[in-house]
Every structure is written in C-alpha cells, then in structure tokens.
Amino acid sequence: MGNEAHEMSLPLVLLTILTFSALSATASASDRSYNVGDHVPLFVNKVGPLNNPSETYQYYDLPFCCPDPVIQKKESIGEVLNGDRLANTLYQLNFRQDKNGESLCQKNLKVAEVAKFRDAIINDFYFQMYYDDLPVWGFIGKVEDESWTISGKGTKYYLFKHVLFDVFYNGNQIMEIRAFSDPNHVVDITEDVDIDVEFTYSVKWNATSIQFQNRMDRYSKASLLPVRLKIHWFSFINSIVIIVLLMGLLTLLIMRRLKNDLRKCSNDEEEDKEVGWKYIHGDVFRYPSNMPLFCAVLGVGTQLLIMVCILFFLAFFGVLYPYNRGALFTSLVFICTLTSIVAGYTAAAFHTQFSVIGWERSVLLTAILYLGPLFVTSSILNTVAISYGATAAIPFGTLLAILLIYAFLAIPLLALGGVIGYCLRSEFQAPCATKQFPREIQRLAWYRRTHCQMFIGGLLPFSAIALQLHHLYASMWGYKIYTLPGILFLTFIILIIMTSILTVGLTYIQLSVEDHEWWWRSVLSGGSTAIFMFAYSIYFYARSNMTGFMQLSFFIGYNACMCYAFFLMLGAISFRVSLIFVRHIYGAVKSE
C-alpha cells in the first residue's frame, strides 16, 4: 500500500504545478488591447499543399513581396516542433484603419519564379498568417480547366495579386480576421515568361459583439455542426452499449463460473473436483521472464497514462485549444520531462518487490524503451524534411535544446525516481507461496494461444472507439478541428474500461486451462488495441488525398510512435487490473 500511495502522490504534485502554469498562461491572454491607429504586426507563417498537412514550407520560399531584412519571430520549442516559422511582412494593418487597394510592392517575376508559383497553384498551395495570434488562411491562385476557359486553349493558371482582410473588433480588442483572395485581381502565369506584377491589399474593419474569451469559437464551428454532434454522440452511445453488453456477458459466463469455483474451494471438496486455476496456485505469482523489460513497460506505460490525463486536464482548463501555436508540443516536452520521475519510480519499485539486485537495468530500459524508438524515428523523418526543405525539419538549436532538457532534467528525474523506488521498496504481496520449480504447461489449442487472445483483446475495444479515432485522425492529419475534449476523454475512459474487462476475462480463461504465464500475456492482450489503431491509420491514409513520400513517411512514422505509446500504456493498465483480479481470486481460496 505504501508504494501505491507514493505513486498517487507524484501525479498530484505534477498536476498542482501545471495548474499554476495554466493560470498564468490563461491570465496573460486578455492583455491584448489597442488604440486606434496602433500598429498590430501581421506575421506570415508557412505555405504548403492543402492535402499534405506535414509538407509545409516557409512563406518566403515562394517569391512573394518580402521586407528587407526578413526577421524571424522567436519561437518556443513547441512552435518549432509544430512547423511554425513566423516572419515579418510588408502588410500594414493598423488597428481600426481601413485601406483600399494599398500597394504592397511592384515585382518583376522571372521565369523561374513564375514556375514556382505555377507549381504551387497546381499542388493547391495555401498560405497561413497570424494577426494578434489569430490564424488566417488563403489560397495562392486558381486553376481554370480547358472546359472553363473562353479560348478553350488548355488549362490556365492564375496568381492572386490582391488580398482583402476583413478584421472584426470589439472595443479595443481584435476578435476575428479573414482573408479573401480577389478572383477579379489575378495575373495569368500559364506561360514561362517574365511578368510584372503589382501586389495589393485592402483592409476593412467591422464591429462585432463577440467577446474576447470567445474569439476562438469561430475555428471550432466545423466541429460543432449538428451532423458532427450526432456522429460524436452516436459513437459515444455505441461505446456505452458495447460496454454494457460486454459486462453483462462476462458477468453471466465468467463471474458466475468463478463464484462456483470459489464455492467449491471454500467447501473443501475432493481434490479431483478442484478447479483448474487452483492447481497452479504455486506458479501463478512467479515473476515473468525478462523482468527488467517487464518493469520498464510498467514504468513507461504508467508515465504515458499520467501524461494523457494531464493533457486532458489542460484541455479542460482551456490551455490547449485550437491553433494555440505550439502549446501541445510544449506541454508534451514539459510533461514528459516531469513525469520521468514517475517512470523511474514505478520500474524500480516493482522490480525491488522481487529482487533488490538489477533494478538499475530496469530504470535504464525505462529511459530508452519509448524515447529510443521515438528519437530514431524522428531523426529519420527530420532527415526527410531537411531534404525537402520543409518547416517540419527541426533546427539544430531546437534539437540541441531538447537533448539538453532530456540529459540534464529528464534523466536525473528518472534516476531520482528509481532511487526513491528502491528506498521505499516492499515485498511482493502474494496470497500463495511460489513453488521452487515451475509447473509444466500443457500444449494449448490454437484459439487459446497468445495471438488469438491479442486479436480478441484488441478488436472489441477498437470497435468501440473507431468513430472517435477517425475524428482524431482527421484532426491530426487534416483540417478538421477537434473541440470536444469531454467526449474524447469519455472515449478514453471507455477504452480503459473495455480493455480492463476483456483482460480480466482472458486472464481467467488462461488460468482455467492451467497456464500460469499470464504476466506478459495480459500486457500483450491489453496493448493489442494499438495494433488495430495502427492498421486503421493505414486505411485512413489510403482513403485520404495525401500524396508524396514525405507525407507518407511522416504519417506512418508518427502514427507508429503514437500507437506504440498506446500499446505500452494499455499494456500497463491491463497488467495492473489482471494482478488485482488474480490476487483476489487466489486470496479468496484456502491454499493447501
């Protein structure tokens, strides 16, 4: 009980720290107020093909009008990891000052620059800017197919040369901004010839009743349409129905049989009538093979579970919201560093319950079990991004900062957690003594083996979260905004409950056939949902409009890392629940 109390206290301390951080973050957001005529800087961010969200480039990679010099805005770690590269611009959008047909610059586009713009239009490039931390998008140009052109002489490519900014204000604060590319102000760039272009813009200010705290609601309207809400609630109710049916089925088929088994044992019936799982009471609490790796799985899985819970906490608190630039990645780096102490403590504390020797190896494996594959994957993808010249490429300075944070903060906290787990060690509480030599396990039928249990243990939870998973992928790899963290959190709880129920049932079935090696089996059965999640991501990609090697590599690589994290997290949860169940049933019988 002492170890469990300490494991609960560490997350509470982390939540307290993050609460005060969230308070300070949200309080500073309401300080943006301006007087008439004040200069409010407009920052250009990036451009990229609409169908490939990971393939973005710096705005001035295209030959737009650019200031001299171009000054890059200082970005946080999260903003850099998000691919944001904000820079100054020639646009002048002074507070509540209208402009009409203002000249931005006169530019002579060379043949190579015309080709750049034409390729961007062919690939459906968009641009993104930020004004008072509000995102704004627009398209670079348009394509007119041969059937739409008056001359009928082939496809035409037009570059937009005028942008209209509609800005909405309430009092002395900016509430909303929109950008429209005027289709009547275009230049034909179909031919490979030098072209003189004058880029212009207009600004129109409009009063609105929107309050500052609600100014981000516009970006979530796509997620709050009635159809979308019906889909969300249908998915949620569908999951609840599946859980109720599953719990009822397990109650009837397994719990009823378990009560009969316990009744037999408590009545001291003849030995030949003893139930199968009682025969292996001397082996069921024998620690598994490869104990350091097993402890590392528990440590990393527990850390990831706490990280997810803290992220939901921040989302409910309003710190994480759509287009809060880099907040999610900054939070991930910060939370991952702090929760390293939980991972080290969990791995060391569990290992020392069986042996006080070798816990250091468990802590070492904890350090590299997830972050090792993540670092390798990120390095490969970073190399791909560099070869493309994309903003997804992590600069050397940011990469060095992350490595320093890991080396001087995460690793010491991980080691500190391991030392605490070692110092607060306790004996493993097993209701039955373990025999010296393990009992031989009979050859099992194919449907009782690990792969079949993994299939069952992963398919049913996945079926309950499939619709929500689709919305999540559409938000991660598309432009649909997920603004219902409550439903996502309930879906996460449903996933945990279903995984726990199925793992308990599968563990009981495994013990009933006198198979006492349930430790690793419970981890694999619980984590197998992540395999179905990854398989569905492949299906999602095949049905999407994403193309190109870079987008494919980023999609596969980072989805694999995310699903691997779910595998470790659900595996750790499944083992903890199975351990509680096994302790209960063996503690309820009189062992001979």
Side-chain angles (χ1 to χ4, degrees), residues 42-66 70 83-85 87 89-91 101 103-130 135-166 177-202 385 387-392 477-479 544-552 554:
L42 175 72
F43 293 100
V44 295
N45 188 14
K46 53 191 175 184
V47 295
L50 184 64
N51 294 324
N52 293 350
S54 299
E55 186 183 345
T56 56
Y57 305 92
Q58 295 194 42
Y59 183 84
Y60 293 121
D61 284 348
L62 291 178
F64 287 111
C65 300
C66 62
V70 175
D84 293 326
R85 302 292 188 270
T89 179
L90 294 174
Y91 291 101
S103 177
L104 188 66
C105 77
Q106 185 81 27
K107 196 173 181 68
N108 178 257
L109 297 178
K110 303 299 181 182
V111 173
E113 294 174 327
V114 170
K116 273 189 176 183
F117 273 126
R118 187 168 58 247
D119 290 341
I121 295 172
I122 291 173
N123 290 297
D124 210 12
F125 267 48
Y126 69 94
F127 64 81
Q128 184 188 49
M129 303 178 182
Y130 274 90
V136 58
W137 299 268
F139 285 99
I140 293 173
K142 65 176 182 177
V143 180
E144 287 191 358
D145 294 332
E146 182 176 353
S147 58
W148 290 90
T149 57
I150 299 177
S151 62
K153 294 182 179 180
T155 304
K156 296 287 186 179
Y157 303 97
Y158 295 98
L159 173 68
F160 294 131
K161 61 179 182 178
H162 182 83
V163 180
L164 170 63
F165 294 98
D166 267 354
I177 182 172
R178 302 173 183 175
F180 301 95
S181 298
D182 193 342
N184 297 319
H185 292 76
V186 296
V187 58
D188 189 348
I189 58 171
T190 306
E191 304 294 333
D192 285 326
V193 294
D194 293 355
I195 301 175
D196 289 322
V197 181
E198 182 183 12
F199 290 94
T200 59
Y201 68 101
S202 300
S387 67
Y388 273 73
T391 60
W477 303 104
Y479 300 96
S544 71
N545 295 321
M546 290 181 277
T547 57
F549 175 74
M550 177 181 170
Q551 183 61 44
L552 175 62
F554 268 69

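Computed from a prediction, not measured in an experiment: that's the story for all the values here.
You'll find the side chain of L104 stays beyond 4.5 Å of the side chain of T200, heavy atoms only. Counting heavy atoms from C-beta outward, L109 and V187 have side chains that stay 4.5 Å or more apart. K46 is not listed as a side-chain neighbour of Y59, based on a closest heavy-atom distance of 4.5 Å or more. Contact annotation: the side chain of F117 approaches that of L62 to within less than 4.5 Å [non-hydrogen atoms, C-beta and beyond]. Put simply, the side chain of N51 does not reach to within 4.5 Å of the side chain of T547, judged on heavy atoms. With a 4.5 Å cut-off on side-chain heavy atoms, T391 and D84 do not count as touching. Residues I189 and I195 have side chains in contact (heavy-atom distance under 4.5 Å, counting atoms from C-beta outward).
Rounding to the nearest 0.5 Å places NE2 of H162 at 5.5 Å from NE2 of H185. The CZ atom of F125 sits 6.0 Å away from atom CD of E55, with the distance rounded to the nearest 0.5 Å. The distance from atom CG of N45 to atom CE of M129, rounded to the nearest 0.5 Å, is 10.0 Å. The structure places CZ of F549 at 10.0 Å from CZ of F554, a figure rounded to the nearest 0.5 Å. Between the CG atom of D124 and the CD1 atom of I140 there is a distance of 9.5 Å, given to the nearest 0.5 Å.
No option in Y60, F127, Y130, F64 other than Y60 meets the side chain to side chain contact (heavy atoms under 4.5 Å, CB included) test with V44.
L90 and C65 make their closest contact through CD1-CB, 3.9 Å (heavy atoms, listed as atom of the first residue, atom of the second, distance). The shortest non-hydrogen separation linking N52 to N545 is OD1-O, 4.4 Å. For the pair A385 and A392, the tightest heavy-atom approach, listed with the atom from each and the gap, is CB-C, 3.9 Å. Between E113 and P63, the shortest heavy-atom distance links the atoms CB-CG, 3.6 Å. The shortest heavy-atom contact between A87 and V70 is CB-CG1, 3.9 Å.
Residues S103 and E198 have side chains that bring a donor and an acceptor to within less than 3.5 angstrom of each other.
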Query raised in the report: Which is it for Q128 and V47 under the side-chain contact (heavy atoms from CB on, under 4.5 Å) test, yes or no, and what are the steps along the way?
Result: CA-CA 6 Å; Q128 184 188 49; V47 295; over 6 Å; no

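For D61 (side chain) and Y57 (main-chain N/O), no donor-acceptor pair under 3.5 Å exists by modelled atom type. With hydrogens and angles ignored, the 3.5 Å screen pairs no side-chain donor or acceptor of R178 with any backbone N or O of V136. Looking at Q551, its side chain does come within 3.5 Å of a backbone N or O of S54 through a donor-acceptor pair. In terms of modelled atom types and a separation under 3.5 Å, the side chain of D192 and the main chain of V114 share no donor-acceptor contact. Using modelled atom types, one side-chain atom of S181 and one backbone atom of F139 make a donor-acceptor pair closer than 3.5 Å. The backbone N or O of T190 lies less than 3.5 Å from a partner atom in the side chain of D188, making a donor-acceptor pair.
A salt bridge is defined here as a Lys NZ or Arg NE, NH1 or NH2 lying under 4.0 Å from an Asp or Glu carboxylate O, and K161 with D182 fails to meet this definition.
Ring to ring, F180 and F165 are not that close: their centroids are 6.0 angstrom or more apart. Residues Y201 and Y91 bring their aromatic ring centres within 6.0 Å.
Open room surrounds CD on E191; 12 or fewer heavy atoms of other groups in view lie less than 6.0 Å from it.
Under a cutoff of 6.0 Å and an axis angle of 45°, K142 and Y158 form a cation-pi pair.
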